[in-house]
Amino acid sequence: MFSIVDQRINCRSYELTTAHRIKCSKQSGIKRTEIMEYDFRHIEKKWQQFWRDSGAYKVSNDSGKPKFYVLDMFPYPSGAGLHVGHPLGYIASDIYSRFKRLNGYNVLHPMGFDSFGLPAEQYAIETGQHPAVTTEKNIHRYHEQLDNIGFCYDWSREVRTSDPGYYKWTQYIFLQLFNSWYNRHNDRTENIQTLVDIFEREGSQLVVRGPRDTIFSAEDWRSYHEVQQQEILMQYRVAYSAFGEVNWCEALGTVLANDEVVNGVSERGGHLVVKKKMRQWYLRITEYADRLLQGLERVDYSDAMKEMQRNWIGKSQGAEIDFKINGETAGEHGFIKVYTTRPDTIFGVDFMVIAPEHELVKFITTPAQKNEIEKYLGYVKSRSERERMAEVKQITGAFTGAYVSNPFDGRAIPVWISEYVLAGYGTGAIMAVPCGDQRDFSFAKHFNIPITNIIGNFYNGEEANPTKDATLQNSGFLDGIVMREAIDIVINKLEEQGIGKRQINYRMRDAGFSRQRYWGEPFPIVYKGGVAYALDEKELPLELPYLDTYGPGPEGEGPLANVLDWEIAPGGGRRETNTMPGYAGSSWYFLRYMDPHNQTELVDRKVADYWGQVDLYIGGTEHAVGHLLYSRMWTKALYDLGFIGFDEPYKKLVNQGMIQGSSRLLYRLNFRQNAVDADQEQQAKQGAGSNPVYVSHSHYKALINIKDKTSEILEYLRPFNLELPSNTGEITVDLNPIHVDVALVDGVELDIPAFRQSKPEYESAILVLEEGQVLLPGKSLPEAADRYICGAETEKMSKSKYNVVNPDEIVNRYGADTFRMYEMFLGPVEQSKPWDTKGIEGVHRFLRKFWKLFIDEQKGLVLTNDAATPAELKVLHKTIKKIADDTERFSFNTAVSAFMVCVNELNDLRCHKVEVLEPLLILLTPYAPHISEELYYALNAFRGIGDQRSILDAAFPPVEEKYLVESSKEYPVSVNGKVRTNLTLSLDASQQEVEELITANETIQKWLEGRAPKKVIYVKNKMINVVI
RNA sequence: GCCCGGGUGGCGGAAUUGGUAGACGCAGCAGACUCAAAAUCUGCCGCCUUCACAGGUGUAUCGGUUCGAUUCCGAUCCCGGGCACCA
């Protein structure tokens, strides 16, 4: 017998002698009932303490074992704390980490906090509490909550993005990017000095990328003034500043995020929001577009994820074509350049649309159209980009009055502006081909522009047809050619004639890297004479100054612009007052975990080489494009610059789904006196009718159909003898579902006493119960067993819907092991699913049954050393195989049911044998580490093994196939695809044998009705199908 | 609007490569134990017809491929996520 629960565990002297253990075991007989049951609270606390004190989760950078790096997308520590949806991915990664550890890997599984961000700042504005203070508090809370669940994090490696020791290196990397340019010749990020060398030697010829780049010779370069040189270099830096548009809200004096803008006005306060150009920092991620695309082929992300990233990058092949503006003589404004992916449709161009922001708009607009264009520009200014792309039903635009010529047939083409053409994509101008593009078609119809059909029967006049298979008509030299083939012909001709060229475009834009906010990394940049200079690395970290108020600075600048003595740098010049966005710190945190305390480097190269890529990354799909692309780009830049030896950060990515809340609804009937005059209206508003009545779900279902008919509702309620207003003509009844806190509900049954106590208004509520009993105000328990049944709805987990479930509560009630397994049991990690606390009982029962295989409540330890039977070994090895397999492919939910099946079967076999249970215990460890460690201890005590070895480092048991071999199988036998009977056959049965047995079978003969089967399909180890 | 994902019993889900649809669990029903309750144990549990045997039907809807479709193809409907300053 053993007794560890009784032991006051002192972890330093934890190793008990065998003699001592036996003594304890004998003593334990006295306190049998205490120690025999599965006391998870005690067990979990004890082992968590033990693991902490023994440094069980400490990870070394130096190990003979193969490495494995498991990473979670680290959380933003919000004030609301964790709800049961958050740990889903953490539990999955924890199980996988522990699984890998049992399989002999040195596993890095760190956790930290993405602790810069807007919510903390918003909270500071509202409450005056400094973001550093609230962030610290929130992190503390997260720590407690995470620790409760028993994760195997090495907390000594924790990082926080808002910690100066961390953001020093974020700033450092920014400076590397600032001091770099992207060399297209060798596709590498290089130090800006190599560019300066090129300029000095040969001018800009070799590195010019587009029409907007300045062209100059080596002599020119040398003659340039410092400011000019810096301006040119800025056009090449990987981190660069330029002017860009932001959502500017004059009334709030601040810049708003997209999701703070609704229908052109601010979400808070409804003030007008317009676009405003401001100096911004950007990352030149577009230079990495192709590598980001190619890199996807070397990583293991879901196809959906890769697809999303590809779409975001949006690589397209097409042509740029110059259209001559009629009436203009060449020169600067002589042409409008369009980008098209369908140059084959050039003869179908009936009009041209340029973005309202296009620089040529003001030059080409004719005096007659000036008014209309300006009116339209005013409208566009109030529209967000998303709105502009989303609302295609609403067609808007304005005619500039100008015409261009079709480069091949000279046809005059009217030039319009419309919001559906975006300035940032392509050249900001399109050639519109209404017969082939639906948006162009709608636009043409709306503005009565005649449509040219170049695709014959493929076009029906009702809608556009984007086919590439049509044979071209009305298309000059392209007549008779299939569109698909015409594309190249046109491009070649354009290039020959010098009026266009082949062009690859990306929808992706450079990443905006400035935020006009306080709670983020300050830029290590000082402006002198209008030129941005990097701080010296020795001056890092540039710490965020302490602020008391967080209001915006002048002219839309961030709060830092209000702190003059910070803004003015010691050596002269002004600091950048923008801060970096949320994804700055999160773009490289996976590197810092490897070497979190390094004072001299962001990560030691040797350490980075040891850990290498993250082998498994788990997080939500909401980061599919943003965070993942930025992070991938940073990794490529750091690789080019020699900091690390790999250029893709995450080898495998698993996306966890969301756990939604399961809301509970009460159905409230409000009785309102109909207003005859203002006085009564006032009365009605004050609820001067009677108490609200809450009806149970069955009544709601009956009432919902008559909810607009007050008299019928009152009629329905009459049998309940409620004291209701009698003059039916003068009252109105409303039926409203309202959210009730899920903590007040057991399953769908309302906990009436708790409900009464939760709010004063509920104290006085009248409840009509499911079977028709009525509970008057203040009354709680009905005489007979009747219940109030709530409605249920699946929605996002949020405070306002009262459906948030805190993991602490669950852990307290059922234990961390149960919680961990239940989260997994809910369904596939990748899938979204609702939380239902009720179902957790099943998992908890499983753990108790599991416990009972080892320890009986009455008899104590029931383990035996008897040899296992073949049946028992089969159960064991079937389970090992299934668990290893399921865990490896992240199918944790089926693994949990495999454990349940196994325990049910061992129960039926009354198996308490160590030979079977010990391997099983090791299998369970990743899922339920606490109970496993406890039972492992018990098992070792039973065997009288001296040293307490932790189960964390046990060896994962191997599958022995020999116990799984079968010689026969029960085959389902179908007739025409419908199963009619079963037949047990030897596994090496031949087709002929099967056919003979089939035709002899009674049931099958019945279906054959004397005919011979047309065909007998026999798939070995699967099924048999008889075709009649 | 565009991109991505998902629709299977009362509920969460299983069916790994086209081969017995509903494993496992919750809820429910019936029984055992108990003075009683809880806990525990046993059995039943998609829908329809049937005392039963058995039969029909069934994986959002419609259509197709196949000996055989939850799985593959086409169309439609519904729900969730993302769309560049929320993180």
Side-chain angles (χ1 to χ4, degrees), chain A residues 73-76 78 114 116-119 122 246-247 255-261 280 302-305 307-308 310-312 314 385-393 420 424 439 507-517 581-583 586 620-627 629-630 655 657-658 660 662 747-748 792 794 796 822 825-828 830-836 838-843 845-846 848-849 857 885-886 889 891 893-894 896-901 904 970-982 1014-1017 1019 1021-1028:
Chain A
M73 288 186 186
F74 62 172
Y76 174 80
S78 86
D114 190 11
F116 271 137
L118 204 50
Q122 195 55 43
V246 293
N247 299 313
V255 173
L256 297 175
N258 279 341
D259 66 340
E260 294 176 302
V261 185
Q280 308 272 333
S302 70
D303 289 342
M305 185 65 37
E307 193 60 23
M308 277 192 261
R310 285 194 194 104
N311 287 335
W312 181 272
E385 198 161 311
R386 195 180 306 178
E387 287 167 338
R388 283 175 58 174
M389 288 190 293
E391 293 168 30
V392 289
K393 282 171 206 150
Y420 79 87
R439 279 183 312 186
R507 180 160 42 240
M508 182 166 69
R509 307 199 290 263
D510 280 343
F513 202 65
S514 286
R515 301 292 181 265
Q516 290 71 38
R517 306 285 179 187
Y583 63 81
S586 61
T621 22
E622 67 271 24
H623 300 286
V625 280
H627 160 63
L629 277 177
Y630 300 133
N655 292 111
M658 284 214 317
Q660 293 140 327
S662 185
V748 288
T794 299
K796 209 169 189 163
Y822 183 56
F825 187 60
L826 277 176
E830 300 93 335
Q831 213 168 289
S832 290
K833 58 247 159 181
W835 175 266
D836 175 20
K838 197 87 188 165
I840 202 169
E841 302 274 359
V843 173
R845 253 172 235 150
F846 154 76
R848 287 220 300 272
K849 280 194 221 166
E857 277 186 26
D885 205 47
D886 285 358
R889 64 190 179 94
S891 180
N893 56 326
T894 52
V896 175
S897 35
F899 278 121
M900 289 174 168
V901 170
N904 289 344
E970 190 180 29
Y971 283 86
V973 184
S974 316
V975 177
N976 284 343
K978 286 197 166 57
V979 181
R980 298 301 177 186
T981 187
N982 286 306
K1014 268 190 200 143
K1015 200 170 165 191
V1016 174
I1017 293 157
V1019 183
N1021 216 0
K1022 294 278 190 209
M1023 43 61 70
I1024 296 161
N1025 189 18
V1026 185
V1027 185
I1028 300 177

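Bear in mind that the values here come from a model prediction, so they are computed numbers and not experimental data. First the proteins, then the strands, lettered A, B, ... as listed; each starts at 1.
With a 3.5 Å ceiling on both atom-pair distances, the Watson-Crick or G-U wobble partner of C29(B) is G43(B). Pairing for C2(B) goes to G82(B), judged as Watson-Crick or G-U wobble with the two contacts each under 3.5 Å. Nucleotide A75(B) is matched to U61(B) when pairs are restricted to Watson-Crick or G-U wobble geometry with both distances under 3.5 angstrom. A54(B) and U49(B) make up a base pair, with Watson-Crick or G-U wobble contacts both under 3.5 Å. If you check A14(B) for Watson-Crick or wobble pairing at under 3.5 angstrom, you find it has no partner at all.
The separation of A69(B) from G18(B), taken at their C1' atoms, amounts to 7 Å, rounded to a whole angstrom. Nucleotides A27(B) and C41(B) are separated by 13 Å at their P atoms, to the nearest Å. On the C1' atoms, C79(B) is 23 Å away from G46(B), given to the nearest whole Å. U70(B) and C62(B): their P atoms are spaced 13 Å apart (whole Å). Taking atom C1' on both nucleotides, A37(B) is separated from A15(B) by 41 Å, rounded to a whole Å. Remark: the separation of the C1' atoms in U8(B) and C78(B) is 16 Å, to the nearest Å. Using C1' as the reference atom, U59(B) and C3(B) are 27 Å apart when rounded to the nearest Å. U66(B) and C73(B) have their P atoms separated by 16 Å, given to the nearest Å.
Phosphate contact (OP1/OP2 of A84(B), side-chain N/O of R507(A), threshold under 4.0 Å): absent. Between R515(A) and the phosphate of A84(B), there is no side-chain N or O to OP1/OP2 separation shorter than 4.0 Å. At the phosphate of G13(B), OP1 or OP2 sits under 4.0 Å from a side-chain N or O atom of Q831(A).
Nucleic acid contact for P75(A): none, since no nucleic acid atom lies under 4.0 Å from a heavy atom of the residue. Counting non-hydrogen atoms under 4.0 angstrom, K978(A) reaches the backbone sugars and phosphates but no base. Note on Y76(A): only backbone sugar-phosphate atoms sit closer than 4.0 angstrom, heavy atoms only; bases stay farther off. Note on V246(A): a base of the nucleic acid sits closer than 4.0 angstrom, heavy atoms only. Residue-level contact check: M73(A) touches neither bases nor backbone, having no heavy atom under 4.0 Å from any strand. At a threshold of 4.0 angstrom between heavy atoms, the contacts of E841(A) with the nucleic acid are absent. Residue S302(A) is classed as having no contact, given no heavy-atom separation below 4.0 Å to the nucleic acid.
Taking atom CG on N893(A) and atom P on A14(B), their separation rounds to 5 Å, with Å as the unit. When the P atom of C85(B) is taken as reference, atom NE2 of H627(A) falls 16 Å away, rounded to whole Å. Atom CZ of F899(A) is separated from atom C1' of G25(B) by 16 Å (rounded to the nearest Å). Between Q280(A) atom CD and C85(B) atom P there is a gap of 9 Å when expressed in whole angstrom units. In this structure, Y971(A) places its OH atom 13 Å from C1' of U20(B), rounding to the nearest Å. Rounded to whole Å, the distance from CH2 on W835(A) to C1' on G80(B) is 20 Å. Rounded to whole angstrom, the span from the CD1 atom of I1017(A) across to the C1' atom of G19(B) amounts to 10 Å. Distance, M900(A) CE to C24(B) P: 11 Å, rounded to whole Å.
Distances were taken from every side-chain heavy atom of A257(A) (C-beta onward) to each of C3(B), C85(B), A87(B); the shortest belongs to C85(B). For D114(A), counting side-chain heavy atoms from C-beta on, the closest listed nucleotide (U40(B), A87(B), C85(B)) is A87(B). For A304(A), the side-chain atoms get nearest to G5(B) when compared with the rest of A27(B), G5(B), U16(B). Looking at the side chain of T894(A), the nearest of the listed nucleotides A87(B), G13(B), A15(B) is A15(B). For K833(A), the listed nucleotide lying nearest its side chain is G13(B); candidates were A87(B), G13(B), C85(B). Nearest to the side chain of S897(A), among A27(B), A23(B), G82(B), sits A23(B). Taking every side-chain heavy atom of V1027(A) into account, C67(B) is the closest of G25(B), G81(B), C67(B). Across U40(B), C24(B), C41(B), the shortest atom-to-atom separation from the side chain of N904(A) is found for C24(B). Side-chain proximity of K849(A) to G81(B), G55(B), C41(B): nearest is C41(B). The side chain of M308(A) lies closest to G81(B) when the candidates are C26(B), A14(B), G81(B).
Contact of the H623(A) side chain with the M305(A) side chain is not registered, since no non-hydrogen atoms from C-beta on lie closer than 4.5 Å. Using a 4.5 Å heavy-atom cutoff, the side chains of W312(A) and R507(A) are not in contact. No side-chain heavy atom of I1024(A) sits less than 4.5 Å from a side-chain heavy atom of I1017(A).
With no hydrogens or angles considered, a side-chain donor-acceptor pair links D886(A) and T894(A) at under 3.5 Å. With hydrogens and angles left out, the side-chain atoms of N904(A) and K849(A) include a donor and acceptor closer than 3.5 Å.
Side-chain atoms of Q516(A) come within donor-acceptor range of the base of C85(B), with a qualifying N/O pair under 3.5 Å. Evaluation of atom-type donor-acceptor distances gives a pair under 3.5 Å for the side chain of N1025(A) against the base of C67(B).
Nearest heavy atom pair, residue M308(A) against residue V625(A), reads O-CG1, 3.6 Å. Of all heavy-atom pairs spanning K833(A) and Q831(A), the tightest one is NZ-O, 3.2 Å. Shortest non-hydrogen contact noted between V843(A) and Y822(A) is CG2-CD1, 3.8 Å.
G9(B): glycosidic angle within 90° of 0, hence syn.
Residue N1021(A) qualifies as enclosed at atom CG: its count of foreign heavy atoms under 6.0 Å is above 12.
Both S974(A) and I840(A) lie close to RNA chain B; mapped to their nearest nucleotides by heavy-atom distance, the more 5′-ward contact belongs to S974(A). Remark on RNA chain B: of its neighbouring residues R848(A) and R889(A), the 5'-side contact belongs to R889(A), judged by nearest-heavy-atom nucleotide.
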